[in-house]
Asker: 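Before anything else, here's the structure in question.
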Amino acid sequence: MSGPKLDRRSLLTAGLGVAAVAAATSAPAEAQTKAKVAKPAINKGLPDVAVIGAGAFGGWAALSLRERGYKTTLVDAYGPGNPHASSGGETRNIRAGYGDRGIYSDWAAKAWVLWHERQEEFGRKLIYPSGSLRDPGPEQMAAQIAVFDKLKLPYEMLTPEEVAKRWPQIRTDDIPKIFYDINSGGVKAREASIAVAEIFERKGGVTKLGYAEIGESAAGKLKSVMVNGEKLEAGEFVFACGPWLSKLFPAFLGNKIRANRAELFFVGPARGDNRYRWESCPSISDQITYTTADIGGGYKVAARLGGEVMDMDDGDRMPTHFLLQQVEKYVKLRLPGLAGRPIIQSYVCQTEQTDTGHFIIDKHPDFTNALIAGGGSGHAFKMGPYLGPYIADRIAGKPQDAYEKKVFSIAEHGAVGAPRGRRNAEMTA
Amino acid sequence: MTKKPTFTRRRVLATGAAAAAAGPLAAQVPALPGAPALSRRLPDVVVVGAGAFGGWTALSLRERGARVTLVDAYGPGNPRASSGGESRNLRSAYGERELYTRWAEQAWTMWDKRQAEFGRRLVFPNGSFSFTRPQSLATQKAVFDKLKIPYEVLDAAEARKRWPQVNFADAETVLYEPRSGIVKAREAMIAVSEAFMHKGGQMRIGKAEPGAAAGGRMQDVLVNGERLSAGAFVFACGPWLPRLMPELLGEKIISPRVELFFLGSAPGDLRYRWEMLPNITEGGGGYTSSDIGSGLKVRLNQAYRIMEPDSGDRFPTHSMEKDAYDYARRRFPGLVGQPIVQTYVCQVEYTDNHHFLIDQHPELANVVVAGGGSGHAFKMGPVLGERLADRVTGQPVAAEEATGFALTAHGKA
């Protein structure tokens, strides 16, 4: 960790503010996008908050906290949605189908509404309601139907013939009945994370780039974090740094979060063939893998090796021909019209997996003023707009649902091993 | 190709982010209040291609009151376009080609205004420097002096002092341009298209082909087989131009493949970010873009290999990966051992002399052809949009643009 420190002033401007680069102080530096939104007043009765990690958990939490009047600083090692992060890349899926885990169906349905509201507020397109097909496996299917019925979420059960009639480009002959989740689709990932950080700054939030480490503590309270060696003090802390949580807190999270490497391939349809675009094609999540309909970058198909761990900081992110072949095989089975079409983009990332697939949202065992939020397990991104207020509620000390408190607690999570199959713990968006 | 649905005009017009219950929705985003009124004096225009040339032209035309439909095969900034990917560099040094220096200088200011208007960050003003030989330095200085563009000539010792993270062992002097930087690429084109639609423009995704012509005028284009008629047409489809108009442009534009590598830096090491490091122009087409959040981008000279824009494979190669690591080791010793964090494969569409190709179609009076970006058009987007809108609306064209960009000024690429 040898880098020089950007001083506080220039760090503040890393996002949307004035670029304090000595040599570049000409026009563009001075006319950055200005705050067009109302800045919530800082409520002096509330503690200052430092949020570590500008992803699905942290970025949205920082925005919600700022909107509630907290003076908030958002710290990220590489910036929102960067390629090391679990919330980078082009898209994530949003869907409510979670088998028997109704809690996430409920959250996803709420997040669905919030994404649309935030899209409008941010003034840029972020959500692509393509619908999605899901095969959670026979034992989970019945449970998922029960959850949807109970929550009154729209869905349809489709036979292969019905799928073929509606979307002739999709084959589901091997799946007797597939679940069509109507209120679902893709959301932009990196650009949404950037939008959240930009709006956070416009609302008066402060962003800081740098590597955060635990600072001083006293009497069961954390006093500060060190950001690239510089002290940042706050009254409350949120540690929402995805797969880095296990690095930051090896004592109690070291074996509870595992970063599984994944590769994403974007298949390019023929020119004029709009059948794989989100307007015409649902995303798919089955027993083999998952896809995201084309929002402009090609039809995305995910692939991964079961056991491969990603080192977030140092790991090489070159796509491999081995996984490319898996994708080609899958495309042939599920989307035969795309067989032989070129890979037009690829991306290598990780999901940070817990043993149960449940998130971790809990107090730091030693510090009463530090909250841990992470363990997204491949399905947190969609929840972002709901997670933000949820985490802000924890900071505000609001009562928490007993079941959620339990399943999100550190104690309820055990050591996580390599994923054994697609369905295992990994619920992958 | 099997039968595919065509997005009908009605479906394209249908907007909003409602639930997908009823099947396909449109790529269109809704117009906002305050969109420019339609001017009856101006022709309806169809612009084919939503990149650096076409996207900005469609926006400028709509802002002037024309009814405009923007057509793109895959959508703005898509991975097969020449205007996709993370970023492009903005700089004004063009040697003796003063026209581009003037345009780049205008574009610098216009990008800034558009960024404020679009309400999202697009420009990263980090400066840039190039390694220059004495002869080319003299030429460049003359142009910059004439146009009053700020620059500095630094010896290796001074450069080393300012940017100790860069190895200047092979440098005698560097030319530093403070008014330069990085712009987002794909997201900028998406922002342009969204602003265009907010202002009442229509966007369509589909394969466009020249349609019927009569009396020396084009009547329509076919978009996925459906006729789209207009009073004027702009074909701004980058590497697809020679494919759409083979007789006219078949030999004038070639599109070599380019691989881009993004290098990570150690956690907490911010020295390669845009706030700390200018972009570097190496000799012979290689360059870097400092880290704007995705790593330090490296573009190296590479073996000549044509990219077929529709069906060409865009998988990065290990040989170029190795070259990228080698380059980083040489130029940025502090990045030794750091990983590639992202890759991207694109193409550049070159003309024979690297001048743009902007001209009226020789047989169709209401058709303008615009392209041949030659790897330096993206930065010019806001200027290109205005200049092309001038042409379509019959404004006079500067002599140097009329001759320099003419079809007849370009030979076999």
Asker: Please look at A/P269 and chain B and tell me whether the side chain, the backbone, both or neither of the residue comes under 4.5 angstrom of a heavy atom of that chain.
Answerer: both
Asker: With respect to chain B, which residue among A/R341, A/E120, A/M312, A/R317 yields the maximal number of heavy-atom pairs within a distance under 4.5 Å?
Answerer: A/R317
Asker: Determine the option with the most heavy-atom pairs under 4.5 angstrom with chain B, choosing from A/G337, A/A77, A/G315, A/P154.
Answerer: A/G315
Asker: Is the shortest distance from a Lys or Arg side-chain nitrogen in B/R121 or A/E201 to a carboxylate oxygen in the other one below 4.0 Å?
Answerer: no
Asker: Look at A/G81, A/G296, A/G123 and state which one has the largest set of heavy-atom pairs under 4.5 Å with chain B.
Answerer: A/G296
Asker: Starting at CD1 of A/I344, measure out to OH of B/Y74 and round the result to the nearest 0.5 Å.
Answerer: 7.5 Å
Asker: Apply the test side chain to side chain donor-acceptor pair (under 3.5 Å) to residues A/D316 and B/Y325: give CA-CA distance (whole Å), side-chain angles for both, the deciding distance (0.1 Å), then the verdict.
Answerer: CA-CA 11 Å; A/D316 183 85; B/Y325 278 129; 2.6 Å; yes
Asker: Is there a side-chain contact (heavy atoms from CB on, under 4.5 Å) between B/E187 and A/R190? Walk through the geometry before answering.
Answerer: CA-CA 11 Å; B/E187 285 306 315; A/R190 171 170 160 87; over 6 Å; no
Asker: Can you tell me how far CD1 of B/I205 sits from CG of A/D294, rounded to the nearest 0.5 angstrom?
Answerer: 9.0 Å
Asker: Is chain A contacted by the side chain of B/W111, its backbone, both, or neither, given a heavy-atom distance below 4.5 Å?
Answerer: neither
Asker: Starting from the C-alpha separation in whole Å, work towards a yes-or-no answer on side-chain contact (heavy atoms from CB on, under 4.5 Å) for B/I190 and A/K188.
Answerer: CA-CA 12 Å; B/I190 288 174; A/K188 274 191 163 182; 3.6 Å; yes
Asker: Given side chains that start at C-beta, do those of A/P319 and B/T343 come closer than 4.5 Å, heavy atoms only?
Answerer: yes
Asker: Could you pull out the closest heavy-atom pair between B/P339 and A/D314, with the gap in Å?
Answerer: CB-O, 3.3 Å
Asker: At a heavy-atom separation under 4.5 Å, does A/F265 approach chain B through its side chain, its backbone, both, or neither?
Answerer: side chain
Asker: Taking the six-membered ring for Trp, are A/H321 and B/F315 parallel (under 30°), tilted (30 to 60°) or perpendicular (over 60°)?
Answerer: tilted
Asker: Select one option (side chain, backbone, both, neither) describing which atoms of B/F261 are under 4.5 Å from chain A's heavy atoms.
Answerer: side chain
Asker: Are any of the side-chain heavy atoms of A/R271 and B/D310 separated by less than 4.5 Å?
Answerer: yes
Asker: Do you know which of B/E194, B/Q342, B/R80, B/K184 has the most heavy-atom pairs with chain A at a distance under 4.5 angstrom?
Answerer: B/R80
Asker: Chain A heavy atoms under 4.5 Å from B/S193: which part of the residue, side chain, backbone, both or neither?
Answerer: neither
Asker: Can you say whether B/E86 sits under 4.5 Å from chain A via the side chain, the backbone, both, or neither, judging by heavy atoms?
Answerer: side chain
Asker: Mind checking ring pair (Phe, Tyr, Trp, His ring centres under 6.0 Å) for A/Y347 and listing every partner two or more places apart, or none if nothing turns up?
Answerer: none
Asker: Distance from B/R120 atom CZ to A/R124 atom CZ, nearest 0.5 Å?
Answerer: 5.0 Å
Asker: Considering only heavy atoms, which portion of A/T320 lies under 4.5 Å from any heavy atom of chain B: side chain, backbone, both, or neither?
Answerer: backbone
Asker: Under 3.5 Å, is there a donor-acceptor pair between the side chain of B/N224 and the main chain of A/D273?
Answerer: no
Asker: Please examine the side chains of A/M318 and B/P316, heavy atoms only from C-beta on, and report whether any two atoms are closer than 4.5 Å.
Answerer: yes
Asker: Do you know which of A/V348, A/D313, A/D76 has the most heavy-atom pairs with chain B at a distance under 4.5 angstrom?
Answerer: A/D313
Asker: Can you tell me which of A/G298, A/P342, A/P83, A/G79 forms the most heavy-atom pairs within a distance under 4.5 Å of chain B?
Answerer: A/P83
Asker: Sort out for me which of A/Q169, A/E191, A/Q345 touches chain B most, counting heavy-atom pairs under 4.5 Å.
Answerer: A/E191
Asker: In terms of heavy-atom pairs under 4.5 Å with chain A, which of B/C346, B/G293, B/G84, B/A191 leads?
Answerer: B/G293
Asker: Look at B/Q165, B/R186, B/Q338 and state which one has the largest set of heavy-atom pairs under 4.5 Å with chain A.
Answerer: B/R186
